[in-house]
Amino acid sequence: MTSHFLYSEDTSLRNSCKTFFYPSTTLTSCPGNGGVVCRDLIGSGRDRTPNALVQVAVIDPREQYLVSQACTEIVEGSRDPLFLTGVTFPPEYPASPETLVKLTVYDVRDKARDNSSFLGSATFSVSDLLRSKDDQLTLNLRSSDGVLAVGTVLVSRVNMGEMEEGDMDHITADVQQCTLVCESSQGTPNDKDNSPLTGAVFKNPVCKVYKFQTVDSKWMLVREQMEECTLSFSIPRQLLHLYIQEDMRRIQELRDLGELSPHWDNLRKEVIGRYGQVIAAYQETLAELNKITGPSFKPSCSKAQRYLEFIPINLHTQRMRVTCPRQTDAFYDVITVGAPAAHFQGFKGGGLQRLLSRHEAEKKSFSTAYQCIYYSPEHTAKAQEVLHSVGHLQPLISGLADQLLQAAQQHSMAGLREALKTLAGKTEQFVHALKDELVKSALLALHAAQPGYVTKNQNQTLPGHQGHSHQDHPSPSQRGQQGQSPPQNPGHSPGQPLATDSPVVVCNNVDGGFQTAPIREDGQAPLKRQDSIPCHKEYDEEEWDRVWADVAKSLNCVIAMVDKLQEQEPINNNQEQPIPKQVLADVITSHNPEGDWREQLCPLVVRLKECVAEVVVRARRAMTFVLLQEAACSIPQGLFLKQRRDVVFSQALAALACGFVMRLYAGMEDKGFLRQLHLVGLVAQFESLLSTYSEEIGMLEDMEVGISDLHRVAFKITQAKTDDPCDLQPVVIGRRDHYTVEVPLPRLAFQTLPHEIKEGKALQVYPVLFNVGINEQQTIADRFGDISLQERINQRNFEILDSYYKSLSDKVPSECLPCFQTQTDLKDLLGTLGQNVVTKKRKNVEILWLAGTICRRLNGIRFTSCKSAKDRTSMSVTLEQCALLRDEHQLNKDYFIRALDCMRREGCRIENVQKNIKCRKYAFNMLQLMAFPKIYRPPEGTYGKVDS
């Protein structure tokens, strides 16, 4: 009557359990009806046709108590019901040969109120089943007094994944047969569900089993498995640690700027204080997270908790496995997660997309009013890039220089040439990274901010305006909270002078000179807007060019010396290259042909390292000054937004890392997938069901920025130190503008990878987001509100997806992509998606269906989200699974809605609801569901008013 799963870790059951079984109440065969049926059931009323349901429970003989486990779907109005749903017994159930399983049949009178009447029951032990002839067990179904036999239960076994067509035919021909599906508890290399590799990252599986009829009257077995992911907590913890380290480095860099004028020194102190507050808050959060043990996910009811704000909401993996006769098992994966958003901080002012746009406009006003130089986001990003480049390349150049000296000491010309080639490449990369006007201009601005600069060419000062007029300006903390504009006279815009009578001379220590300007009513001079980086004639602009060029000159000297040493080698005389005489004259003042190579190279190499170090010091101070000004004109709103962005990104990265690891594990034996992975990368498609109304529009604005920020992430596959689960945990390295997630694999698995991946090639991921709201709030937005955000997101991400497909088509043959039964060309699917994106249609869920299909066809990673990944997400995931069964495995159209209801009523998604809110009800009411597309509505009795 039902499909159930019995799981055991007992060593005596290794070859028979984990187990799925389909016990059924039957009297006779029911030709033409396939599956498991009840026959001639008597309802709880005289003339009543029962709505049958089977409940499964476990009796532990040692404890002598009954544990209710699960139940089937309800089959309405039939005396001969056919049940499709399976039930899972998780590992914590003490299954042993003596374990008893009790099946109870009920007549459900009122689904909404769970009102039902007992019809009959049967009990069997696991040992009875294992010893039964032909792997079959027949039992009587008896009434409550134990006297009347109201039917029989027939149970049999087949192995999941090893079903032959004869097994399917047998189930179809004899409906008294009740299938028991068994799996070995030992994972095999081809067992994607139970591989030892997955156990390091994925925990606490929940399994459900179904059997559905196909169009040719055969039967397919379908298994759902939902798991938690350890990355829900480990990735945010690592990110918090990296955030703290990065901000502490920034504080040290600000201190290393040296002595600044009082104005800039006050700004620096203010910025350092704000960074200190952020660091303290992150350290406190990290300490709290380190105390947490237990489940590896954050329930939806905790989404607004402060210490959990970096943790993704309700992150789970879900895999559907389909077994059909004479076909290889198919696997379909999806990651479900609550929309990455700053729930603790709230959405009163909108989400990140809106807040960042507003803040960028306000920064110009702040930079004008408080005499900071306005740097665009591009300038700020460039400054961070330069800081990272010099910090990364300097130790590489130093190490390569030491290798060059070591090769010289060994008199190895081949080693010398190889080390020189690498050293020259990295040094050229270093010089190129600094070939930017931003560095030069920032050095000038930094010079202008130093104390001596103001009085250097000062010929006169006025009483009350000696030294630095900035000391009279308010500090950033006095500007007001949450990014409020500084106080201004009514009707006066920043940068516009007011008419006054007497001029004063102002030295602002920013633009490097004096300017005559009228006096304002408050006695201060108006401020000149710095829209571009200033230049200062009194500063030696050629100094930076000389220091920067010295690096290239020093490298040329090293190259010239190596060429000279090669010239001395008789074996290499025929390979001698002409060396400019002037270069050699400058480099080699005296040369001893018999001297040591290392002695001759060492002074030149030391000089190169000294030049590089000098450039690094100057560049680091210049770029730090850029970031100081960016932070100064952003306080306090800028750091508040940075914290919000950190929170959202943490949630998004944890989800992405989970999806990448799951996809990698599933594709380890797929050569086409691995080739695609290192040649082009993977698309990560996020499906969102948020509305564009009220708070959810703020969530969507957060999510848009968080998903977009994932383009700063790359992945790298490494070989694990050991096969211990602790050594198989992904590791995050990097900084805010670029992170790398290193995914360790056991040695044997790592050795099977392509050479490019084993060599550490960075693997790219292309995140795309498509959103279509489906609830009652979206109805309001469609009719009376603004849906431009949703339209813009879908259009922009379609362009990214289309660009990815074109790149993939150029670099990867179509044979590398997975094969599907549906023959629609990918190009046609993209064309249809593009048309839907620009079509004005309310709740156009076809956008989501097409995007999901294209993602799977592209070997991508699928994500589904709503506010909490619990209710709307469940409707979407189950719909997609049933659509895959219909389109790829010929699910009988008469079973489509029944299969959908089975998965929503008793599948993994209702278990997800139970895990989150301790209640098996989706958080919908009837009025809300009237606004949902019909195919997204749950079955009656599975929803109600609950606290989600």
Side-chain angles (χ1 to χ4, degrees), residues 200-201 229-250 282 286 310 312 335 340 381-382 384-396 399 426 429-430 433 645-646 648-665 667-668 674 676-684 706-721 726-746 749-750 753-767 804 860-861 863:
V201 178
C229 182
T230 60
L231 304 186
S232 288
F233 284 84
S234 70
I235 294 293
R237 286 190 185 110
Q238 293 181 64
L239 275 178
L240 277 166
H241 184 67
L242 292 175
Y243 291 156
I244 293 168
Q245 285 185 327
E246 183 176 348
D247 289 347
M248 291 178 72
R249 283 196 303 269
R250 184 61 43 77
Y282 284 4
L286 183 58
F310 288 87
I335 291 84
K382 182 63 180 178
Q384 292 172 336
E385 180 184 339
V386 170
L387 277 173
H388 171 72
S389 296
V390 298
H392 173 69
L393 290 173
Q394 183 188 15
L396 285 180
K426 293 299 180 182
Q429 185 179 347
F430 175 82
R645 200 166 188 170
D646 287 348
V648 174
F649 179 76
S650 172
Q651 297 178 27
L653 180 58
L656 178 65
C658 170
F660 182 89
V661 170
M662 189 180 195
R663 187 67 191 86
L664 175 66
Y665 288 177
M668 287 294 295
L674 294 175
Q676 174 189 349
L677 180 61
H678 73 79
L679 285 177
V680 186
L682 299 181
V683 65
I707 300 306
S708 177
D709 282 349
L710 292 176
H711 79 274
R712 300 181 279 136
V713 177
F715 288 83
K716 187 180 293 186
I717 312 301
T718 62
Q719 181 174 321
K721 297 178 181 177
C726 294
D727 291 328
L728 297 176
Q729 293 293 317
V731 177
V732 185
I733 58 175
R735 63 200 185 282
R736 282 184 177 89
D737 57 328
H738 183 77
Y739 288 103
T740 299
V741 181
E742 296 182 346
V743 182
L745 292 179
F750 182 79
L753 296 175
H755 174 75
E756 294 84 353
I757 296 179
K758 289 192 291 185
E759 287 297 306
K761 182 176 181 180
L763 310 175
Q764 302 301 318
V765 173
Y766 299 86
Y804 171 83
I861 312 170
F863 299 83

Measure the [atom1]-[atom2] distance between [X] and [Y] for me, rounded to the nearest 0.5 Å.
X: Leu682; Y: Arg663; atom1: CG; atom2: CZ; value: 7.0 Å
X: Thr230; Y: Ile235; atom1: OG1; atom2: CD1; value: 8.5 Å
X: Leu674; Y: Glu756; atom1: CG; atom2: CD; value: 10.5 Å
X: Cys658; Y: Ile861; atom1: SG; atom2: CD1; value: 9.5 Å
X: Lys382; Y: Ser389; atom1: NZ; atom2: OG; value: 7.0 Å
X: Ile733; Y: His738; atom1: CD1; atom2: NE2; value: 8.0 Å

Between His388 and Gln384, does a side chain to side chain donor-acceptor pair (under 3.5 Å) hold up when you go through it step by step?
-> CA-CA 6 Å; His388 171 72; Gln384 292 172 336; over 6 Å; no
Check the pair Leu664, Leu677 against side chain to side chain contact (heavy atoms under 4.5 Å, CB included), reporting the backbone distance first and the verdict last.
-> CA-CA 9 Å; Leu664 175 66; Leu677 180 61; 4.2 Å; yes
Considering only heavy atoms from C-beta outward, does the side chain of [X] approach that of [Y] to under 4.5 Å?
X: Arg735; Y: Leu387; answer: no
X: Asp646; Y: Leu239; answer: no
X: Val661; Y: Val741; answer: no

Can you sort out the partners of Tyr804 under side-chain contact (heavy atoms from CB on, under 4.5 Å), two or more places apart, ordered by chain and number?
->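 Partners of Tyr804 by the side-chain contact (heavy atoms from CB on, under 4.5 Å) criterion, ordered by chain and then number, come out as Gln676, Val680, Val683, Tyr766, Leu808, Leu858.
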side-chain contact (heavy atoms from CB on, under 4.5 Å) with Lys426: which residues, sequence neighbours excluded?
->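 For Lys426, the residues satisfying side-chain contact (heavy atoms from CB on, under 4.5 Å) (neighbours in sequence not counted) are Leu393, Leu396, Ile397, Leu400, Gln429.
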Kindly assign one of parallel, tilted or perpendicular to the pair Tyr243 and Tyr739, based on the angle between their ring planes and the thresholds 30° and 60°.
->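 Taking Tyr739 first and then Tyr243, their aromatic rings stand perpendicular (interplane angle over 60°).
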Output every pair passing salt bridge (charged side-chain N to carboxylate O under 4.0 Å, His left out) with a member in residues 230-250, not counting sequence neighbours, ordered by first then second residue.
->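 For residues 230-250: Glu246-Arg736, Asp247-Lys642, Asp247-Arg736, Arg250-Glu253.
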N/O donor-acceptor pair under 3.5 Å between Gln719 side chain and Phe750 backbone |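 No: the side chain of Gln719 does not pair with the backbone of Phe750.
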Closest approach of [X] to [Y] (non-hydrogen atoms, all atoms of both residues):
X: Leu231; Y: Pro730; result: CD2-CD, 3.6 Å
X: Pro767; Y: His711; result: CG-N, 3.9 Å
X: Leu242; Y: Gly734; result: CD2-O, 4.1 Å
X: Phe649; Y: Leu710; result: CE1-CD2, 4.0 Å
X: Phe715; Y: Val743; result: CD2-CG2, 4.1 Å
X: Ala720; Y: Leu728; result: CB-CD2, 3.6 Å

Leu753 and Leu745: CA distance, side-chain angles, deciding distance, side chain to side chain contact (heavy atoms under 4.5 Å, CB included) verdict = CA-CA 10 Å; Leu753 296 175; Leu745 292 179; 3.8 Å; yes
Given the rule in the side chain to side chain contact (heavy atoms under 4.5 Å, CB included) test, do Leu763 and Ile717 qualify, once you have shown the distances and angles that lead to the verdict?
-> CA-CA 8 Å; Leu763 310 175; Ile717 312 301; 3.7 Å; yes
